[in-house]
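Okay, handing you the structure first.
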There are 2 protein chains.
Amino acid sequence: MNTQHVHDVREAGPDLASVARLLADGTRAGFCLALLDGRAWTATELARHLGVAPSTATEHLNALVRGNLLAEERQGRHRYVRLADPHVAELIESLAAMAPGRVPPPRSLSAAGRRQALAHARTCYDHLAGTVGVAITDAMTARGLLDWQHGLQLTGDGAAWLGALGITVPNGTRRPSVRSCLDWTERRPHLAGAVGAALCRHAFDAGWITRIGTTRAVAVTPAGRHALQAHLALPDTLLSRK
Amino acid sequence: MNTQHVHDVREAGPDLASVARLLADGTRAGFCLALLDGRAWTATELARHLGVAPSTATEHLNALVRGNLLAEERQGRHRYVRLADPHVAELIESLAAMAPGRVPPPRSLSAAGRRQALAHARTCYDHLAGTVGVAITDAMTARGLLDWQHGLQLTGDGAAWLGALGITVPNGTRRPSVRSCLDWTERRPHLAGAVGAALCRHAFDAGWITRIGTTRAVAVTPAGRHALQAHLALPDTLLSRK
DNA sequence: GTGACAGTTCGGCGCCTGCCGAAGTGTCCG
DNA sequence: CGGACACTTCGGCAGGCGCCGAACTGTCAC
C-alpha cells in the first residue's frame, strides 16, 4: 500500500545491513574481537572461547567468510581463520569505540592475572596496545614524532626516526600511515595504521617483545626495555612491571 | 555444559553486537544512509522514503536514538533526527565501503534524472561527493595540497591554500583533519574529515554551491564555477554540466 | 471547537535466526 | 587398518524481531 510517493530508496546505495548483520550477533562479534589480536585461530578454539558447539561455530564462520570479513586457510583437518584485511580490523575497532565498553571486574584470580597481563601490553590486530602501547604513543608525541594538532599525523622527525631504526613503512596501499585506535583498557588512543603495524613488527623481529604463551598478551624483553629507554626514554618503572 | 575451559569471553571487551544490531536491519540502515546527507529529516519523511508505516519508523528511530547513533530535536509536532556526530557518519561510511555496493539501473526517467544530479554533486554527511567532489580532491592532489604517499595528509601548501581562502579548520577535536571517503557513484575516494567539512561549508557560505530543492544533490553556481576554476583549475566541461 | 496531521502505543502475526545434538566426512597417527 | 579428532551437515526447537493496523496523544490552523 501507499506505493504512490514511495521512493523505494533501496534503489540506490550499498547494502549496509548485510554487513552489519554479520556483526550483530554476540557470538560472531566475539569471534571477530578474538581475531583482533591479528593471529589465526582454529574453529574449535573459537568455539570453546565463546562457549558454543562446534557446529554452531562452523555456521558462523561460514557466514563471516562468505561476507568477506574473515579469510580462511585449510591445513589438514584444521580450519584457520583470520580477519580478512586491516580494513576489517578498523571497522571492528570503530564499532567497538561506539559501543558502551563495559569492563566488568574479573571473577577469578587467574582471570585477574590474565587481565593484568593484557592491560600491560598486547597486540591489537597488527599493532601494540595496552599500557605500553599507549606509553609508546605518548612518548612519540612528546618527542615530536607524532602531531595531533590537525588530526594524527607523522612528522618529518617521525619519518626520520623510523628510518634511523631501519623501519620501512609500505606506502603503496590505501591504508592510512598513522591512525589512532581507542585502547579498551587505557581508554586513551594508541598508534595504529601502517606505521603502528610496522613498529609492532619491528618490535617482534628485533626481540623487543615476545608473545606470552598463546594469548594476545606480550612481554617486554630486557632488550626491549633497553631499546625503548634509549629510543623513547620510556620510564623504567613502566617497563619493569611484570 | 562444557563449562570447564570456557573463557566466557564476554567478560571483556565492548558490546559490538548491540551497535551492529542497530544497523543490521534494512530499514534502519536505510534511515542512516538517508541521513548521511547531513541534514535532519522528520520521522514521516523517513517512513515514506523507506516505505514503512509511521509506527514502524517510530520504533526504529527510538532504537537508533537510544543507541546514540541518532540525535533528535522536537519542534512542535515534528520530530527531527540527524546523525549524532561525525564519528557515526564515518562508521556508516566504512560499513558501506565494505558492503557489496550494488547500483542497479534506474527504473524510470525521473529516477534517472535524480540519479544523474546526485552523481554530479551532492553532500555526503558534511562534505562534498559525486563527480565534482572527486574532481576537487583530484585537483587538490595534483596541485600538491594533498599527499597520498603515506596515507592521506594535508601538506603545508594545502594548509596555506585553505588559509588564503579564509577557511579555518577546527583542530580541537579528535576527528582526523583529512580522511578519504569512498564515493558510491565514482568508486573513487573523495576528501572527507574536518577539512572536507570546512571546505564544503565554505562552498555553501560563499555561494559556490546551492542545494537542489530538498534533495541531497547540489548545483554549482556561476560564482562557484568561477571560483573552482580560479583556485583549482577545474575544467569548465565538468562544471558546466547540468 | 473542529478537522487535519505528526507522531506514539499496543497487540498480534509471521518469519528469521541462533542454538543444539546426532550423525557423517575428512585427516592424522600409530 | 582403526581410533582419535577437527570439522560439517542436518533436522528441529525456541526466542527475537520487524511489520502492520487500530486506537490514542499532541500540535497546528481555521
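Residue numbers begin at 1 in each chain, while the letters A, B, ... track the order of the sequences. Quantities reported herein were computed from a predicted structural model and do not represent experimental measurements.
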(request) In whole angstrom, give the distance that lies between atom NE2 of A/H60 and atom P of C/dT17. (result) 12 Å
(request) Using whole Å, report how far CG of B/L64 lies from C1' of D/dG18. (result) 13 Å
(message) Is it the case that the side chains of A/S94 and B/E90 hold a donor-acceptor pair, with the cut-off being a distance below 3.5 Å and no angle test?
(response) no
(request) Could you check A/Y80 against A/E59 and say which one's nearest nucleotide on DNA chain D is further toward the 5' end? (result) A/Y80
(request) Compare all side-chain heavy atoms of A/H190 with those of A/C124 and state whether any distance is below 4.5 angstrom. (result) yes
(message) Quick check for you: among C/dT17, D/dC19, C/dT9, whose closest atom lies nearest to any side-chain atom of B/T27?
(response) D/dC19
(message) Between A/R79 and D/dT8, is there a contact of a side-chain N or O with OP1 or OP2 at under 4.0 Å?
(response) yes
(message) Side-chain N or O of A/R74 versus OP1/OP2 of D/dT8: is the shortest distance under 4.0 Å?
(response) yes
(request) Specify the separation, in whole Å, of atom CG of A/L23 and atom C1' of C/dT17. (result) 16 Å
(message) Just the rounded figure in Å: distance from C1' of C/dG18 to CG of A/L61.
(response) 14 Å
(request) Could you check how far CG of A/D25 sits from P of C/dC16, rounded to whole Å? (result) 17 Å
(message) Rounding to an integer number of Å, can you tell me how far B/E73 CD sits from C/dA6 P?
(response) 19 Å
(request) Send over the distance from A/E45 CD to D/dA6 P, rounded to a whole Å. (result) 10 Å
(request) Determine: side-chain N/O of B/R28 to OP1/OP2 of D/dG18, distance under 4.0 Å, yes or no. (result) yes
(message) Looking at D/dC20, I'd like to know if its phosphate oxygens (OP1 or OP2) sit under 4.0 Å from a side-chain N or O belonging to B/T56.
(response) yes
(message) Determine whether a donor-acceptor pair (N or O, by modelled atom type, separation under 3.5 Å) exists between the side chain of A/R28 and the backbone of A/R21.
(response) yes
(request) Find which nucleotide of DNA chain C each of B/N62 and A/G76 is nearest to by heavy atoms, and output the residue with the more 5' nucleotide. (result) B/N62
(message) Pair A/R122, A/T185 - check side-chain hydrogen bond (donor to acceptor under 3.5 Å, both in side chains), show working.
(response) CA-CA 11 Å; A/R122 66 178 181 277; A/T185 52; 3.2 Å; yes
(request) Look at the side chain of B/R77 and decide which nucleotide, out of C/dG18, C/dA6, D/dC19, has an atom nearest to it. (result) C/dA6
(request) Using heavy atoms to find the nearest nucleotide of DNA chain C for B/S55 and A/A53 separately, return the residue whose nucleotide is more 5′. (result) B/S55
(request) Quick one: do A/L199 and A/I167 satisfy side-chain contact (heavy atoms from CB on, under 4.5 Å)? Show the steps, please. (result) CA-CA 7 Å; A/L199 187 57; A/I167 300 177; 3.6 Å; yes
(message) Distance check needed: D/dG15 P versus B/R21 CZ, whole Å only.
(response) 16 Å
